[in-house]
Protein chains: 4
Amino acid sequence: MGNFQVRTDLALEARESVNRTEGELRGVRVEEYYREQEDVKVTKVMIDTKNAAKAMGKPVGTYVTMEAPAMVEPDEDYHREISECLAKELLEILPPREGEQSVLVVGLGNREVTADSLGPQAVDNLLITRHIVKEYGAAAYNCDRMNLVSALEPGVMAKTGMETAEIVKGVVKETSPDALIVIDALAARSIRRLNRTIQITNTGIQPGSGVGNHRNALTEESLGVPVVAIGIPTVVDAATIVSDALEKMLEGRERADAAEYVGRQELNFPELNNMYMTGKDIDAVIKRVSFTVSEGINIALEVHGQEEGHI
Amino acid sequence: MGNFQVRTDLALEARESVNRTEGELRGVRVEEYYREQEDVKVTKVMIDTKNAAKAMGKPVGTYVTMEAPAMVEPDEDYHREISECLAKELLEILPPREGEQSVLVVGLGNREVTADSLGPQAVDNLLITRHIVKEYGAAAYNCDRMNLVSALEPGVMAKTGMETAEIVKGVVKETSPDALIVIDALAARSIRRLNRTIQITNTGIQPGSGVGNHRNALTEESLGVPVVAIGIPTVVDAATIVSDALEKMLEGRERADAAEYVGRQELNFPELNNMYMTGKDIDAVIKRVSFTVSEGINIALEVHGQEEGHI
Amino acid sequence: MGNFQVRTDLALEARESVNRTEGELRGVRVEEYYREQEDVKVTKVMIDTKNAAKAMGKPVGTYVTMEAPAMVEPDEDYHREISECLAKELLEILPPREGEQSVLVVGLGNREVTADSLGPQAVDNLLITRHIVKEYGAAAYNCDRMNLVSALEPGVMAKTGMETAEIVKGVVKETSPDALIVIDALAARSIRRLNRTIQITNTGIQPGSGVGNHRNALTEESLGVPVVAIGIPTVVDAATIVSDALEKMLEGRERADAAEYVGRQELNFPELNNMYMTGKDIDAVIKRVSFTVSEGINIALEVHGQEEGHI
Amino acid sequence: MGNFQVRTDLALEARESVNRTEGELRGVRVEEYYREQEDVKVTKVMIDTKNAAKAMGKPVGTYVTMEAPAMVEPDEDYHREISECLAKELLEILPPREGEQSVLVVGLGNREVTADSLGPQAVDNLLITRHIVKEYGAAAYNCDRMNLVSALEPGVMAKTGMETAEIVKGVVKETSPDALIVIDALAARSIRRLNRTIQITNTGIQPGSGVGNHRNALTEESLGVPVVAIGIPTVVDAATIVSDALEKMLEGRERADAAEYVGRQELNFPELNNMYMTGKDIDAVIKRVSFTVSEGINIALEVHGQEEGHI
């Protein structure tokens, strides 16, 4: 079905796509493990070379994918464990550092569009410490050291008139964090991955991916500090759905026959541009998974449960 | 493409569907006119017989469809005119009445899911007069008579544990309005109709239609008072999209051939259940069209611009 | 300072007020205990006679007040314990019942006014089971029996044109719950009680109390089922603030002298009507305490952590 | 009543305060006019010298106050006229400029606290053009020239961990607007001025004023571009209320006697810190006046009604 341009923000899916047609790929290493206790399957895709990056359609870097089927269910205890998994993976991918670390967390997306509100909602539940530590020191938390967490919800271009990258770059220059964590809603290829997959990558955010067109590159190269991106697929591209359905429909036929059949056609769905598909309970799902993400960050940055409240 | 179950809340589309295969339909009258000044095309579909209702998959009654291509554009003056059109059509379909009229407006849908928030957002902008008139009389508005407008946002079953119909029925019994106006987001078959079509019908709301599964019947039969429903299609069913894309793809082939080809298949997309498709700027669109709807109701009920403020 | 009309929704404060001038009051029993583990002081005020009710300005019934100073602090573990306290007190005051119980939880107040949004926000976090149990039975939760929890956010009269009592009465008649739990933001007399006190009472809600004027009586008498009200003071009446400040100012003088001094005055602050006072971090406070309340209800109704998710 | 520290963000009130005790003030010029058609009284206070600035507790600059009693009423046509007044005054105070002008509008305050949400809500209704003009030129609006409007909602320090000034400074450096318009909710001294007064000043925003503590200086000096601040008083300080009430209470006595009486006291209300007072219908008020402000800016920047919609 290579005739369709299948759009996915997940390196895992990009790799499946590539593998299917071309077998094992040079310059791409894959590592898989299963965390039994939490029922989370982790896949690490490491893209090492520019050629591999081109073949995958993803930049060089490390992509960790946590697949947690139970994430769509409302069991709170389970979510705590996913948050702890996320914290461990975050700490592995964040640059190591002695002493207090200053981290700016950026919640991308549009709060007013439910499926695109993961970033803003996750930022709402973060424990913000930077202003307290700067004013009163770690002592305000009865600690010797306390990481400085700040957060930004830059909004979308239709509402700001500015590229997200412009806003973030300005704030980074002015506040000089040691690292960025960027949270965003992603587009998946497969409906089965919706809302139950977390991708963590050290490549930051590239233009053109995600639910909306609400950003340029947010990368270490463009911002001057390490950028870790956390994403959860909450939508599927409309064009992808059509592709999947056609593929399923044609499965009964000979593959080549089907490909030939489809290939003859001029497949072009301009009406589907800027359309996306999501589930009817997306509000409840986003509420839960945004909490899972923010808790994961709180745990990783060791600010969880230590705060003394507003001062 | 009759093999697919195509879902639409629009009588206009149901009729097109039927006509395509069976020609003119007995028991269905159609009236069309064009309001040049406002660039609104109005189609009235009147389903007169039970047989016709069965063929159309819609209950007996009158369905007015306003197609206003410019509705998706942010020109405020245009919207005022659409609101005035809506007011006129509403007054024609509402039961005539002497003296003050008491109307309960019900905003269906889920405020937290953008594409499903038309009803709640429209209700936000209504001018509510019932409590004032009951307490102080029409004199509070410097008028001899003033309609009594009340509004309800019943919420969705996942959040209330109750059928919308249970809530509405209880409130109707307790407050005895003369008529109900029910506002809801609809599902269209065609992407081209999204957000630029308003359907007004005197059949009320039937179970199983709309974005969510958030109601049972809200009809004159079940509630004891006339029920006029105002709906705007804001989503397309995922299954419908697939159908439309397949149809387009197969257009080049002989029709019969294509039907045969598709017919052999077992077409079943259980994953697409409870999924819907919408546009990326749905937040801005809903904000605008909900205002158009509430202004239309305000004008029709003559409460526009007369209120004296909260007392 | 009896010249001022001091308004409070807390029976605890009403009693302090009365005691101060008249000593122990006939027909009012008071019970106090301290839950050391949770640092919660509980005061039970039981108004037994009509005379006592008149003196207190509160109807006959039981008023449980939990004072939890740490409630304003963001320590999540502490809040869990307050929720468990609340659950215990709720179960004592709710009518005992064998088998499955059907409870309607009503979130009073205005979601758009932060200090008045306790009810709506608490309702957001409830686990709603009624529709699932009615459709699939307790088996959907892998249980033999499961209480049926439903929830309603009736909104405020300025937006609905209806009395809250009309809406609630209608829904109660239509859905026949065994009991009501009503959640509302209260007005306290003392700033020190703001956001750190929970009042639970079996008298329901009386007209004229609370932040807004958004309800009539919601009582067992008016609704036909037991009504337990849970309230947290989130505001202080502006007039009360003035009273407190004057009292403090006059403390240095002879009491009688001060009273005489104040008494001569015509004290009338019509501008302060419909004004209230609250803290600048009220958004964060309401977010936390609404969660404490909803968790308490979830625990009491044994629906916590058992749900299987949306079906 | 000079013993009380009376806090106001309105230069008009600061001047009244000063005048009362000291008569006409050197270095302060006052100009008043009345716009009969719109029933708006305009007072221009120009603080010309540092001495005057010190006496007034406000920096050197021009403060325009529009008093529009009808602003609290929901008559939409009236508000249009207030918006046009605002536009005229804005254009007088904004630096003159040939050709296209790039203006960044900053909505200060906390969207989650109703009385503090004026800035964020006003920004919601702005017509944002910068991204369109930069991508497609003024031709996208069928114009020869089109001002570039961008907008930012920086959020409050408790949620970002950053000073508002840090965020704004970074964004200004990165996007280089020609001027800033900053919108904020203010604190008034007098309840009668709440929600019916608009202050426009070229001094920008100074630390320590407003509803929350959510900003440092946003001034031409600190940002390098002209900063015009638009503010509407939506709250009164709790301490101010007490002061006003005491003053009223003491009016019947001899002034000197009262001052002596009050002066003996140690007046200190630490509990009132971080408390504010507002009206119960603050949600409806803010919704209306935020629209008045954004329309005023849209008119002044000539972007009103010209936009073609999202591209």
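The sequence lines fix the lettering, A, B, ..., with proteins before strands; numbering per chain opens at 1. All values derive from a computational prediction rather than experimental measurement.
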* Structure fact -> Closest non-hydrogen contact found for A/Ala138 with A/Val133 is N-CG1, 4.2 Å
* **Check: A/Ser117/A/Thr114 side-chain N/O donor and acceptor closer than 3.5 Å** => no
* To do: Determine, for D/Asp124 against D/Lys287, whether the closest basic-nitrogen to carboxylate-oxygen distance falls under 4.0 angstrom.
  => no
* Do you know which of D/Ile128, D/Leu148, D/Val123 has the most heavy-atom pairs under 4.5 Å to chain A? -> D/Ile128
* To do: First locate atom CD of D/Glu163, then atom CG of D/Leu218, and finally report the distance between them rounded to the nearest 0.5 Å.
  => 10.0 Å
* **Contacts with chain D made by residues 224-233 of chain A (heavy-atom distance under 4.5 Å), listed by residue number** => none
* Asked: Is the shortest heavy-atom distance from the side chain of A/Thr203 to the side chain of A/Thr219 under 4.5 Å?
  -> no
* **Side chains of A/Val149 and A/Val105 in contact at under 4.5 Å (non-hydrogen atoms)** => yes
* To do: Give me the contact list for residues 173-180 of chain A versus chain D, heavy atoms only, anything under 4.5 Å, ordered by residue number.
  => A/Lys173, A/Glu174, A/Thr175
* Asked: Do any N or O atoms from the side chain of D/Asn298 and from the backbone of D/Leu126 form a donor-acceptor pair under 3.5 angstrom?
  -> no
* Residues D/Lys88 and D/Glu92 bridged, charged N to O under 4.0 Å -> no
* **chain A interface, residue from D/Thr160, D/Val171, D/Val168 that has the most non-hydrogen pairs under 4.5 Å** => D/Thr160
* Structure fact -> Rounded to the nearest 0.5 angstrom, the CZ-CG distance for A/Arg288 and A/Asp283 is 9.5 Å
* To do: Starting at CZ of A/Arg130, measure out to CG of A/Asn147 and round the result to the nearest 0.5 Å.
  => 13.5 Å
